[in-house]
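Accompanying notes for the structure given below.
Treat the numbers as computed from the prediction; the structure is a model and nothing was measured. Numbers for residues simply follow the sequence, beginning at 1.
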Amino acid sequence: MEEKTIQIAGSITVDELANALGLSVTELIGTLFKNGIVATINQRLDFETASIIIDELGLENVKLEKKNTSTKTSDIHNRELSDKAVDRPPVVAVMGHVDHGKTTLLDTLLNKKTVEGEAGGITQHISAYQLNHDGRWITFLDTPGHEAFAAIRQHGAMLTDIVVIVVAADDGVKPQTVEAINFAKSANAKIIVAINKIDREGADIDRTKADLSNHGLQPEEWGGDITMVPISAKMNQNLDQLLDMILLTADIEELKADIDIPAEGLVIESHMETGKGSVVNLLVTGGELKTGEFIVAGSTYGKVRTMLDWKGKPKGKATPSVPVTVTGFKDLPNFGDRFVEVKDEKTARKMALLNAQAIANEMASANVTGSDLLRMMNVADNSKVFNVIVKGDVLGSVTSVVDSLKLIDTHGEITLNIVSTGVGDINENDVYMAAGENTVIYGFNVSVPINISKMAARDGVPIRTYRVIYELLDDAKHEMENLLDAEIIEEDKGEMKVLGVFRTEKTSIIAGGEVLTGEAKAGYLARVVRNKQFIAEVEVTSVQKEKMDVDSLVAGETGGLALKTASKVDLQIGDRLKFFTRETKKRTL
């Protein structure tokens, strides 16, 4: 039998390995699963895993070799490039702290006007744009700046070649600036810093550079390797210089992609639109995507019915690094899913089904962590559960809202239960699911039809809609705080020795004694202690001294007390009454 050699540079997809081995994808995925590896058709396998699977299959005529990895690879997809690879535009993510001017920068570059239209002035999900500078294209991703959108922002970093970190010269490095730096480094993206708002009073460029150097970004002029460009996005100052630096960095990186391969790329965003169905934003990373082609993303597939560029104009073909909006998917793909072009609908349906099965197997076989076990135990013990349904305008925002809700620290006392999530306006099914389960429906940038609002009011289902995520999170936090048991605060007030018991009834006692410490006062609670053993708890209803009602008795004084009891208490001479106050305080998270 003729020996077959398969060369792998760094990794290979399940689909590619199956084709190379002459096997069906189903057979290969099945073998992987038997060996404890749950993989989708598009998942990448490293050299060692591929070697083990080939041995497991008993393919003695197949030889696996590591290919020389000095060949250029696509930064976004880590795909080995052929000799026919062509130059492609850089994909640039704009990141930084909220209010430091990311969206203003893009608006000025693209001559757009979106800041006033954004809820709370905060970018709510990733938007993709293209700009032509000196005859060359640059693709920009505008990523959310608020802390609640960390999940989306991290995806943004993973999609990019270059990260422009915007830092306000009058505000310096902030927590989300540091987060953006870490994301960019983890994605192996090149970093350029735009020191913004240099027109502002209090702007200090050198102080900002020093602040950045303390966080691992050393300016080139200080002997480091990070390009820093002082700009004013509002005043359109030095923006050409920033674009020049982006293109220079792209030239140094020699960004390339193959176009004579089936189209592939990533899902940036997805949502439903009336009359259009699923509307999906894609970033092409390889090949050429054309209308009429079948594509698969995760567990869904479709035929590209329409394709628009970022300005909403029809586009017949999209090349690498180009963002497009397409319709035609059967269902909404997930944010961050990889899409691939296939030859026909039959293949697309089969691949989507295989991916769906692999995802289901992965969920079913997922390891249960200690925290998962504790959570399940708590639910079983009837611990407090906060049920929510989350609906959003786009899938990325829904994901971020859910992730942010999970980050609310409830000290292990409350279990967050996500009943369901979805894209689109709140509907009858949401209200049905919420009814009778003490469930709050949160809508993010969505509407509530009048008939649904009436239905929810009738069934006692709370619906809360927001356009700014931190307002939604504040509401959820408040709801969880209401579920917390109140904090009980007790304060010791004194002690009395019982010297006489004059009357004992079912719910009251008249007794006398000497106050040893502190004071005895009407309204105080008291623990009855006999030989250091707790007997009962009583309440002081009145205090007398020399048969006259008084406010209190203090240490060293003797007098009488009227005590209220929940049930009959056998108070005896020699018992101690330990006085205290008790109040409840609402707890916060």
Side-chain angles (χ1 to χ4, degrees), residues 377-387 408-415 436 438 440 460 462 474-589:
M377 288 163 64
N378 285 337
V379 172
D381 291 339
N382 298 315
S383 74
K384 295 175 176 61
V385 178
F386 181 49
N387 298 309
I408 297 175
D409 185 6
T410 64
H411 314 294
E413 296 180 49
I414 297 171
T415 300
N438 295 321
V440 176
D474 285 344
D475 183 273
K477 191 174 179 180
H478 177 72
E479 287 288 333
M480 290 193 216
E481 286 174 343
N482 288 338
L483 293 174
L484 288 172
D485 291 327
E487 182 181 2
I488 298 173
I489 301 172
E490 294 184 353
E491 184 179 353
D492 292 335
K493 292 296 183 179
E495 184 177 343
M496 170 184 271
K497 181 178 180 181
V498 178
L499 301 177
V501 180
F502 308 117
R503 190 171 70 212
T504 300
E505 295 181 354
K506 186 176 181 181
T507 59
S508 65
I509 300 172
I510 303 296
E514 179 185 0
V515 178
L516 304 177
T517 60
E519 64 176 350
K521 190 174 184 178
Y524 283 176
L525 300 172
R527 293 186 180 89
V528 179
V529 178
R530 183 179 302 148
N531 297 326
K532 298 183 179 181
Q533 295 292 314
F534 171 77
I535 304 299
E537 185 177 297
V538 298
E539 180 184 350
V540 181
T541 55
S542 65
V543 181
Q544 287 191 341
K545 181 179 180 182
E546 297 176 355
K547 298 185 179 180
M548 298 287 291
D549 286 340
V550 293
D551 288 335
S552 65
L553 296 171
V554 298
E557 292 183 331
T558 59
L561 303 179
L563 306 173
K564 184 169 72 173
T565 65
S567 58
K568 190 171 183 178
V569 176
D570 180 25
L571 187 67
Q572 297 179 11
I573 294 173
D575 287 348
R576 302 294 176 98
L577 295 176
K578 293 182 179 290
F579 304 111
F580 67 98
T581 58
R582 177 189 291 139
E583 64 177 351
T584 57
K585 181 181 178 183
K586 185 177 178 181
R587 292 165 60 202
T588 58
L589 295 174

How long is the span from the CD1 atom in Ile414 to the CD atom in Glu479, to the nearest 0.5 Å?
10.5 Å
Working to the nearest 0.5 Å, report the span between CD of Glu481 and CZ of Arg587.
10.0 Å
Walk me through whether Val529 and Glu495 qualify under side chain to side chain contact (heavy atoms under 4.5 Å, CB included).
CA-CA 10 Å; Val529 178; Glu495 184 177 343; over 6 Å; no
Give, for atom CZ of Phe534 and atom CZ of Arg527, the distance between the pair rounded to the nearest 0.5 Å.
7.0 Å
Is the shortest heavy-atom distance from the side chain of Thr504 to the side chain of Asp570 under 4.5 Å?
no
In Å and rounded to the nearest 0.5 Å, what is the NE2 to OG1 distance from His478 to Thr588?
12.0 Å
Just so I know, are the side chains of Met496 and Phe579 near enough to count as touching, which here means a heavy-atom distance under 4.5 Å?
yes
Does the pair Val515 and Val554 meet the rule for a side chain to side chain contact (heavy atoms under 4.5 Å, CB included), with working shown?
CA-CA 6 Å; Val515 178; Val554 298; 5.8 Å; no
Can you tell me how far the OH atom of Tyr524 sits from the CG atom of Leu561, to the nearest 0.5 Å?
12.5 Å
For Leu563 and Leu571: C-alpha separation, side-chain torsions, deciding distance, then whether side chain to side chain contact (heavy atoms under 4.5 Å, CB included) applies.
CA-CA 11 Å; Leu563 306 173; Leu571 187 67; 4.3 Å; yes
Rounded to the nearest 0.5 Å, how far does NZ of Lys497 lie from CD1 of Ile573?
10.5 Å
So does Val385 get a backbone contact from the side chain of Thr415, meaning a donor-acceptor N/O pair under 3.5 Å?
no
Are more than 12 heavy atoms, taken from residues, nucleotides or ligands other than Lys585, located less than 6.0 Å from that residue's NZ atom?
no
Is there any salt bridge (charged side-chain N to carboxylate O under 4.0 Å, His left out) pair reaching into residues 543-555, and which pairs are they, with sequence neighbours excluded?
Lys545-Glu557
Restricting to pairs with a member in residues 530-542, which pass salt bridge (charged side-chain N to carboxylate O under 4.0 Å, His left out), not counting sequence neighbours?
Arg530-Asp575, Glu537-Arg582, Glu539-Lys564
Test side chain to side chain contact (heavy atoms under 4.5 Å, CB included) on Leu525 and Thr581; report intermediate values, then the result.
CA-CA 6 Å; Leu525 300 172; Thr581 58; over 6 Å; no
Going by the side chain to side chain donor-acceptor pair (under 3.5 Å) test, which pairs reach into residues 506-515, not counting sequence neighbours?
Glu505-Ser508
Would you find more than 12 non-hydrogen atoms of other residues, nucleotides or ligands less than 6.0 Å from Asn438 atom CG?
no
